[in-house]
Each structure stands twice: as C-alpha cells, then as structure tokens.
Amino acid sequence: MSDTDREPRPEPGTDSVGRRRFLGFVLAAATLMAAAELAAAPTARAGIPFPEITELVDLNDVMTLAALPTSGLITVEVGTDGTVSFALPRAEVGQGITTSTAMLIAEELDVPLERVRVTLADARPELLFNQLTGASNTTVSTFTPVRVAAAVARGRLLLAAADELGTAVADLTLKAGVVTGPAGESIGIGALSEKAASVRTQQVAVDLTPRERFTVIGTPRTRVDALAAVTGRKRFTLDLSVPDARPTMVCRPPTINGTVGSVANLAEVRGMPGITDVATVSTGVAVRAETFGQCIDAVRALRVSWKPGSAEGKSDASVLEELAAAEIPLGPPPLTPSVEARFTFAFRSNSALEPNCAIADVRQGRAEVWSSLKAPIVAQEAIAARLGLPLDAVTVHVTEGGGSFGRKLFFDAALEAVEISRKIGKPVKLLRHRADDSRQGRTHPMATSRVRIAYLGDTVLSYKQRHTSVATDLGHELGEIFTALAARLPVGDIGFSETFFQLSQSMPYDFGVDSRLLSETKGFNTGSMRNVYSPDATCARELLVDRLAEKTGRDPFRFRHDFLRDERSRAVLDKVAEVGRWGRSLPAGMAQGIAFHSEYHATSAVLVEIDCRPETVGRPVRDGVTGPRVTKAVLAVDVGLAVNPRGLEAQMMGCVMDGIALTLTSSLHLRDGYFLEASWDNYFYTRQWNTPPELDIGIMPTTTGEPGGAGELGVAASMAAVACAYGRATGTMPTSFPINHGTLSFEPKPTVPPVPASPTDGLDHVR
C-alpha cells in the first residue's frame, strides 16, 4: 500500500485525532523505536431496556481503562537486521498472544510475520496496571497501542527512505519489509533503522490501516512458536540454565496449609545421595539436590511432625453447611408462576499442564526470579516486601508458561522459591509436585447458586440469582485496579469480589427485572480459575431456562432465540442450531443440549449431543468413573474481530473440553482438611474417552470490527450445554456438579509421605 492510499497526515505535534488517526511518539534511541500515546477512555455502550451494568462497563473495559495511561511506555523497535522487536507486557501461557501480537505489528508495519520477534517483558513497575494478564483482555487492551506504535515506525521508515532515495514519501511503497521507489529502487527497513531513529522524543500523528485493507489481521495463522513447541525446543521456566540453580522441592503437610512442628531425621536426609541442603520453611521442609528424583526420595524420607492447617476438620459437607448459612435470601415467592432451583458446584483443581515452578537467586542486597507470572508487578512488590529490599533490587523475569487457566495470576511458587533461596543462601530451581498442585495448590472454590425466574404467560417478569461461594482470592492486581478506579465504576462502594462478580456477569435475555448477588464465606487456597464465576452462574441460569421453556411448552432453542436481546446473540445461537441440526431424532437415552453465554463484548453458543444409555455409562474405563459421553459439540463464537481465527479456534476447543470436565468428571473431594486427589490419574479432567468424536468450531464474521474478550468465552456455554443435554437425556435436571462427584472411583493416596513414589522402569536415570 502506498502512503497516498492513506488519509492525509497532520503535521507532527498537532492534536487532531480522527476516526483512524492517533498520536504516537518517536523515541530518542540509536535505532528506530516507536510508541503509542493514548488518553481517551472507552466509550460507554448504548443503553437498552433495563440496562445491564456490563452494557455500560464490564471487567474487560475496566482493565483496558486502567492500562491506557501507560500505553505509551510500550515500544516497537526496528533492528538493523530488519527484524521488529516487541517486549509484550503480558504472559504467554499457551493462549497464543505472542502470535496475535506479532500479527498486529506485521499488519501495520508491513513486514513478514516471521520477522517480528515478540518476547515477554520483565516486571515493569512503571506500567502500573498495564502488565496484568487476565479476563481475556490482552488483545482488547493492546490492539490499538501496538498498532499505533507500529504505524509510527512505518511513517519514520518512509520518511528516512524518501530522504535516502531522493523522492517524495507519496511515491514510496512499503511491502514485506522493503521500501520501493517510483523507479523500482528499493531499500530494506533494516538499512533504514538508524537513519529513521531520532535524537529526541517527538510526537507524531499516524493513520491506522482501515479494516477493509487488512491482509494479516483476521487471517488464520499458525502460531509463531508452533515448531519450537512440537520439537521440544520451547523453553519454559525449568528449561532455563541459571548458574548453580539446583532442583528443589518441598515436603508439604498432610492437611491444607499445615505447618512444621519438628523434623526427626534432618541429619539423615542431608546425608542422602545428591542432597545439598535441607531447611524448614513456612510451607514445609525444603530439599535441594542434584536431580528432582533425589528431591522426591528426600521428601519421602523426611519424618515430620505437623501442626494443623487452615482447613482442619473441614469436608465437602461442612463447607456446604457454611454456604447454606451465608446464602442471601431470594425474598418471598412471587405471586405469579415461577421456576426455582439450587445448584451445587464442587471444588475443582486449578492445575495447569506445567506444575507451578520458579527459579530464585537471592543474594545479599538483591534478588532475581524467573517464573511464568500473569501479575509480575505485584509479584515483584511482594518479593521485595518479603525480603525487605527496595523494589529496584528485585528483578522478575516473566517466562513462557505451559498453561495457566488463571493459576498464574498467583505467584506462590516464586515467593516460596525466594524464601528457600534466602534461607539456604543458594539459587534454587523449585518444582511443585503434581500432588502438591492438587492438595496444596489453588482451587476453584465450592459454590452454590440459587435461581428463581418468575413469569406470566409469554412474559418473563424477573430473574433472581444468589451465588454463594467460598471466597475467591483476588489478592493480585485486580483488587488494586478496582480501588484505583472505584469512582468511575457503576457498582457503588462494594467489595472486590462483588465488583468482580457484577462486572463479569451479564444477562443476555430480556427477563425483566434482573438481580444477581454474590455472597462469600471464608476460604483457603482459592484462585481465579478460568472464567471465574461464569461457568457455575451460567450453568445454573441455562438449566432454569430449559425448565422454564418446558413449563411454558416451548422449544429450548426457540425460547432462547425469542428472549435474546440482540441480533448478534441470536446469530450465534442460530448457527449452532443449524450446524448441529437441533431437534434431530436421537435414540432414547441420548439428547441434545443448547446454551448461550456472553461476556466482554463477545458472544458464544454451544450445542452438544450426549449419550446417557446404560451401555455407554457403564462401559469399562481403567481407574475412572466413565459416565455419559458427549458425542458431538458445535460451538459458534463472535468476538467482534478475530485477530487470528486459527488461534481462536484452538482456544474454543479447549473451552469445550473444560466445559465437559466441569459438568461430568472434574472435582476435588475435601475430607478431614485435605483433598483426596493427588495427581491427574485421579483428578478426572476430560479424557480421550470423553472427547466428542464430532467437534465443530464456527468463527462468525466480523461484526463490531473491534476484538472482544475470547480466552475464556466458550467455557460457560459449553458447561451449560452439557448439563442441559444431560437433563434432557435422563429426564432429570442435574443440580450437583460434576455429576460423578458422589462416586469415589479411586483409592486415595497417602498424605504421608506427601508425594507418591516415582514410577520405575528398572533403569538408572540418575546422572
């Protein structure tokens, strides 16, 4: 595209900002560096009858608003080798944001995607609230700043090329990283990088590429790190070579958050092969060795007397009693007909594929940490406070992570590694065993949700929901954001959790007067698991919608379609009904389920088919409760603008698997102050035998033209659709999740020692 294809540019330093025109900066540097300048807040959406809070501002808007003031501190750099570098102030944990970010830069700068290098930024306190990864916000909040910075760089390169080639900017084209003049003469952007640089920071105005001219954004692209991932060359925390950082593990208590009383055999364990250090710390007894296998041997050999933990004596039953006592009443029954039910959701493990881990090197007056962190600024602050060091004496490196699902918003492993390193005076490479993740890690809290829908004829008069949960720990940067922006939020003076709940939940149906309230009880080791409150709250709502449709003699799909508030929502519902052939004939014991969910200015619908026939439910599966099988899943998603449709498709596949797990199989059993599950062999996430043979993900065409939240979007609708299908197949609406929670299919592993013995194959694996 030649520069003449764009709107006329105002002179540098002017403040005229149009629909596609933005202000940015050329930074003083040896090679070309550019940044955005953004000051305007997101505008409120148009009102609707009985407007939802989330139609005015939602959690994603709040995070975007909080990030805006420091967007100009995020820079794009063009190197002399023709590559473009960008340090992304977010965490890549498998969701593909390094790829989508590279696509934004490639689009505006017109360079090949493979020449864009996106790395992860270290903790940068000056970014304030602009280095938090969560709530499906990364692409939304960085979409414009990254493009503006790239567009500033593009403009400077063209000016430098015009001077170099002795021609007007309007006569130049920039394509695939090469500037070409009117006579065919050309020069690469690498050769222009130094000439395009500035000795002082200057404000400039740029125009962004109009959407109708996108050639990269919106096209399916393979992840930039795909080859490294499948060939084992991708580097995660424990792959890093930090001098003298040795494998380290912790012998943990048999109950949640127990503490060490005494250790009977410290000297004996210190003398075991490969062991370099043994030390008592706040979370247990740490052992450092030459190999992780030696760490496991030492952990299993320790004889520790433990003090009680924070969940001493608690069980599923006792927690449910506490939730019942804390539930906010729905009020007196309505005078009109209504449907009502209470739903129960068990504890669930927030354990990603990569166990929690960190590397720490604490020396006199300084500390350096490596870990996959979604809130690195808060982690840096907490580490500095723990060590009594000034903030600038603590360096926190953000590494790529093997999954998160909200878990890496918390930096427990980093704090623990820092404590151990300081205690023994040596660098450590800390790994939490899979059993540690299940028993002492963060969990999705147990919750109940009571829902009542009042109606009269074909009109729904009111919707009331009282969600009661063990407290979700929001002790990361979101709490600070809520405090900083409290005066600008339409939720009044309420607590962090209630603010989060109100800003993340929406009512997509025209259900009259809508009331949703959250109540919480005292918790332990909980976290913001993927989609937080939405899967449970939406599942409860959609099941009651099915019951209401039945009570009024209407088809579940048609009922939802008629009550959805807008055409965009109806379009995704129509899509899954069409592709999934809603209403087709199925054998007795099989059924379809359909559900809808919207959040963060994006919409999704899911249709599933489930097989609850006895021969399926009772089929033998080793070490597990088989139960029903989802045989088909169709998901349609509208995120406004999908930057990378292929990446979005992968995200939605994961959402479907999450939804199946949450409904059918995945839960933790709390007994006597500890969880019985100790690994993934007895924590039943969706297995291959429960993965639908037919899976169809439909990405809707661009609607709003701006990206909406996508990372978590499909979880709630998937969970709800499976639950609705199960209810229709069995003739009984499920009210307790997952449905197999009441059946313990495994023999619980001992809590002492805290980790199971390592599998053996008869070979010596000790180096």
Side-chain angles (χ1 to χ4, degrees), residues 320 323-324 327 330 333-334 337-346 446-455 460 462-468 507-509 511 516 534-560 563 573 582-583 586-597 605-614 616-617 625 627-631 633 659-667 715-743:
L320 281 173
L323 293 175
E327 183 177 281
L330 279 172
S338 65
V339 292
E340 182 177 332
R342 179 188 281 109
F343 304 91
T344 300
F345 306 92
M446 177 176 273
T448 62
S449 210
R450 188 174 179 181
V451 181
R452 177 191 291 162
I453 308 176
Y455 64 98
V460 177
S462 65
Y463 177 92
K464 292 185 177 182
Q465 185 164 20
R466 301 295 180 258
H467 197 74
T468 313
M507 170 51 69
Y509 302 111
F511 276 3
R516 293 183 305 275
S534 293
D536 296 351
T538 298
C539 182
R541 182 194 72 211
E542 293 294 296
L543 282 166
L544 256 290
V545 169
D546 258 21
R547 174 171 284 186
L548 181 55
E550 181 184 11
K551 286 282 187 181
T552 56
R554 302 174 70 176
D555 174 79
F557 157 68
R558 181 50 55 186
F559 184 92
R560 287 174 170 82
F563 278 94
L573 192 72
W582 172 262
L586 292 171
M590 296 184 67
Q592 294 179 317
I594 196 167
F596 176 86
H597 176 69
V606 176
L607 178 149
V608 303
E609 292 181 359
I610 199 168
D611 186 349
C612 295
R613 294 175 295 180
T616 298
V617 173
V625 177
R629 181 176 191 184
V630 175
T631 58
I660 293 171
L662 293 172
T663 305
L664 300 181
T665 59
S666 293
S667 63
V715 179
S718 297
M719 179 184 185
V722 176
C724 290
Y726 179 84
R728 298 184 77 220
T730 62
T732 303
M733 181 178 70
T735 57
S736 183
F737 299 94
I739 63 168
N740 76 337
H741 183 71
T743 302

(Q) Give me the atom names and distance for the closest heavy-atom approach of L330 to Q465. (A) CD2-N, 4.4 Å
Q | Side chain to side chain, F343 and M733, heavy atoms closer than 4.5 Å | A | yes
Q. In Å, rounded to the nearest 0.5 Å, how long is the span from CD1 of I453 to CG of L544?
A. 4.5 Å
Q: Using a strict 4.0 Å threshold on nitrogen-to-oxygen distance, state whether R560 and D546 make a salt bridge.
A: yes
Q.
Minimum heavy-atom separation for L664 and P628, please, with both atom names.
A. CD1-O, 3.9 Å
Q. More than 12 non-hydrogen atoms from neighbouring residues, nucleotides or ligands closer than 6.0 Å to CD on E327, yes or no?
A. yes
Q. Between Y726 and T663, does a side-chain contact (heavy atoms from CB on, under 4.5 Å) hold up when you go through it step by step?
A. CA-CA 9 Å; Y726 179 84; T663 305; 5.5 Å; no
Q: Decide side-chain contact (heavy atoms from CB on, under 4.5 Å) for R342 and T735; before the verdict, give the C-alpha distance in whole Å, the side-chain angles of both, and the deciding distance to 0.1 Å.
A: CA-CA 7 Å; R342 179 188 281 109; T735 57; over 6 Å; no
Q. Between R541 and Y509, is any pair of side-chain heavy atoms under 4.5 Å apart?
A. yes
Q | Sidechain-backbone polar pair: E542 side chain, F596 backbone, donor-acceptor under 3.5 Å | A | yes
Q: Determine whether H467 and R516 make a side-chain contact, defined as any pair of heavy atoms from C-beta on separated by less than 4.5 Å.
A: no
Q: Locate the shortest heavy-atom distance separating F511 from V545; write the atom from each residue and the value.
A: CE2-CG2, 4.0 Å
Q: Would you mind reporting whether L662 and F737 have side-chain heavy atoms less than 4.5 Å apart?
A: no
Q. Can you tell me how far OG1 of T468 sits from CE of M446, rounded to the nearest 0.5 angstrom?
A. 12.5 Å
Q. Heavy atoms, side chains only, cut-off 4.5 Å: are M719 and T538 in contact?
A. no
**Q.** Closest non-hydrogen atom pair, A595 against A721
**A.** CB-N, 3.5 Å
Q: Locate the shortest heavy-atom distance separating V617 from C612; write the atom from each residue and the value.
A: CG2-O, 3.5 Å
Q) What distance do R554 atom CZ and T552 atom OG1 have between them, rounded to the nearest 0.5 Å? A) 5.5 Å
Q | Main-chain N/O of M590 paired with R613 side-chain donor or acceptor, under 3.5 Å | A | no
Q: With rounding to the nearest 0.5 Å, note down the distance linking SG in C724 to CG in L543.
A: 4.5 Å
Q.
Holding to side chain to side chain donor-acceptor pair (under 3.5 Å), I want the full list of residues that pass it with T665, two or more places apart in sequence or in another chain.
A. none
Q) D536 versus S449: any side-chain heavy-atom pair under 4.5 Å? A) no
Q.
As an exercise, state the distance from OG of S462 to OH of Y455, rounded to the nearest 0.5 Å.
A. 12.0 Å
Q: State, yes or no, whether a side-chain contact exists between V460 and F563 at a heavy-atom distance under 4.5 Å.
A: yes
Q: For residues T344 and H741, determine if any side-chain heavy atom of one lies less than 4.5 Å from a side-chain heavy atom of the other.
A: no
Q | Considering all heavy atoms, the nearest G659-S718 contact | A | CA-CB, 3.9 Å
Q: Any chance you could measure I594, atom CD1, to R558, atom CZ, to the nearest 0.5 Å?
A: 10.0 Å
